[in-house]
Amino acid sequence: GISKQMPAGKQFKLLQTPAGLSLTPSGTLSGTTNVPPSVHNLTLQVVDAYGCSASVDYELVVACNNIVVAPAALPKAYYNTAYSQALSASNGTAPYTWTITAGAPPPGISMSAEGILSGTSTTFGTASFSLRVTDANGCFTVADLNITVKGLTIGDLVYDDANFNGVKDAGESGVSGAIVQLWDPGADFVVGGTGADADTQIGSNVTTGADGRYLFEFLPPGRYFVKVTPPTGLPYSGASPVGIDNGIDNDNNAANQPA
């Protein structure tokens, strides 16, 4: 809405006004107009107590509202995983039309004219792009957004469980020189098997450093198991796993040990 006070002491009237606006005899122009953005030529007439009159022409501009895009920041996507995020606009006049004006979402993800970002990402990293949303009156705004495609991470530590309690206690050191492998357990999600159920190694062997740490990065969501081969000379090898601390700290959750 608008409100404009004219000089006091005279009678004012507009010969024409945009819908929703009105001028009081004392000269206050006010109201809320719903006309599309446009320019209006107004003629203001003022009459004094003696009936003398004068008129002046004004130009009234009905401007676009500031359209707001939400969300202001997009959620992360994950590699090789379906992604869907609906964008919304407010403070304009529906319906809205969405287009990308610069850059692009990550490969595999696209935006519809209705403002829905969807697809399955095929690369890692961050993609930046600009989009334009236009309302029914031709008003628009441009928003700069980005989507980061992440992968899952598996890893942490191979350590010497000196007291065999399945928990890394203070003073228990990492094991250097262990060979760590990441495996896909196959269609049955169980270690071992043949055919479609056969296990498949993912990537290359990782050798732990002096601190015993290892890390597999940029993985799509899925089921995996980690096989650890201790270095030559380590006094003990894996045996029956400890199950009482499942999900607590760096253990194998009582699964069968892979061969």
Side-chain angles (χ1 to χ4, degrees), residues 75-85 105-110 116-127 147-169 172-259:
K76 293 179 175 59
Y78 286 89
Y79 174 75
N80 202 33
T81 302
Y83 180 90
S84 182
Q85 174 64 50
I109 296 176
S110 59
I116 298 176
L117 288 157
S118 62
T120 300
S121 57
T122 58
T123 61
F124 297 103
T126 299
I147 298 176
T148 297
V149 179
K150 299 186 68 176
L152 301 181
T153 299
I154 294 177
D156 200 23
L157 180 66
V158 178
Y159 67 96
D160 184 1
D161 186 15
N163 58 5
F164 303 103
N165 68 348
V167 176
K168 186 181 184 305
D169 300 308
E172 292 181 337
S173 60
V175 174
S176 173
I179 304 300
V180 185
Q181 298 171 324
L182 182 67
W183 290 77
D184 180 338
D188 60 353
F189 304 137
V190 175
V191 175
T194 59
D197 298 334
D199 304 337
T200 305
Q201 184 176 355
I202 299 172
S204 303
N205 294 351
V206 173
T207 302
T208 58
D211 58 0
R213 295 193 176 277
Y214 68 93
L215 193 66
F216 297 98
E217 298 181 287
F218 308 121
L219 303 171
R223 295 173 183 258
Y224 304 91
F225 69 86
V226 174
K227 177 181 178 180
V228 179
T229 303
T232 302
L234 194 71
Y236 301 103
S237 59
S240 298
V242 176
I244 60 173
D245 64 331
N246 286 353
I248 297 176
D249 183 45
N250 298 332
D251 70 346
N252 59 13
N253 294 323
N256 292 329
Q257 291 279 16

Using 0.5 Å steps for rounding, measure from the OH atom of Y214 to the CG atom of L157. 8.0 Å
Verify side chain to side chain contact (heavy atoms under 4.5 Å, CB included) between F216 and I202, making sure each step is shown before the conclusion. CA-CA 9 Å; F216 297 98; I202 299 172; over 6 Å; no
Shortest non-hydrogen separation from F218 to F124 and the atoms involved: O-CZ, 2.9 Å
Side-chain donor or acceptor of T126 paired with backbone N/O of I147 under 3.5 Å: no
How many angstroms lie between atom CG of N80 and atom OG1 of T122, to the nearest 0.5 angstrom? 8.5 Å
Quick one: side chain to side chain contact (heavy atoms under 4.5 Å, CB included) partners of S176, sequence neighbours excluded? none
Report the C-alpha separation of T123 and V149 in whole Å, then their side-chain angles, then the decisive distance to 0.1 Å, and conclude whether the side chain to side chain contact (heavy atoms under 4.5 Å, CB included) test is met. CA-CA 7 Å; T123 61; V149 179; 5.6 Å; no
Hey, what do you get for CG (D169) to OH (Y159), rounding to the nearest 0.5 Å? 7.5 Å
To the nearest 0.5 Å, what is the distance between CD on E172 and CG on N165? 6.0 Å
As an exercise, state the distance from CZ of F225 to CG of D199, rounded to the nearest 0.5 Å. 4.0 Å
Name the atoms and distances for all side-chain donor-acceptor pairs under 3.5 Å in residues 179-194, with sequence neighbours left out.
residue : atom : partner : partner atom : Å
Q181    : OE1  : W183    : NE1          : 3.2
Q181    : NE2  : N205    : OD1          : 3.0
D184    : OD1  : G186    : N            : 2.9
D188    : OD1  : V190    : N            : 3.2

So which heavy atom on V175 is nearest to which on P231, and how close? CG1-CD, 3.6 Å
How long is the gap from CG on D160 to NZ on K168, to the nearest 0.5 Å? 10.0 Å
Do the side chain of S121 and the main chain of Y78 share a donor and acceptor less than 3.5 angstrom apart? yes
Donor-acceptor pair, distance only, cut-off 3.5 Å: does the side chain of Q85 make one with the backbone of L117? no
Would you name the heavy atoms of A127 and P105 that are closest together and state the gap between them? CB-C, 3.8 Å
Closest approach of T81 to P221 (non-hydrogen atoms, all atoms of both residues): OG1-CD, 3.0 Å
Side chain to side chain contact (heavy atoms under 4.5 Å, CB included) partners for I116, two or more places apart: S84, A86, S112, S118
Under 3.5 Å: donor-acceptor pair, side chain of Y83, backbone of I109: no
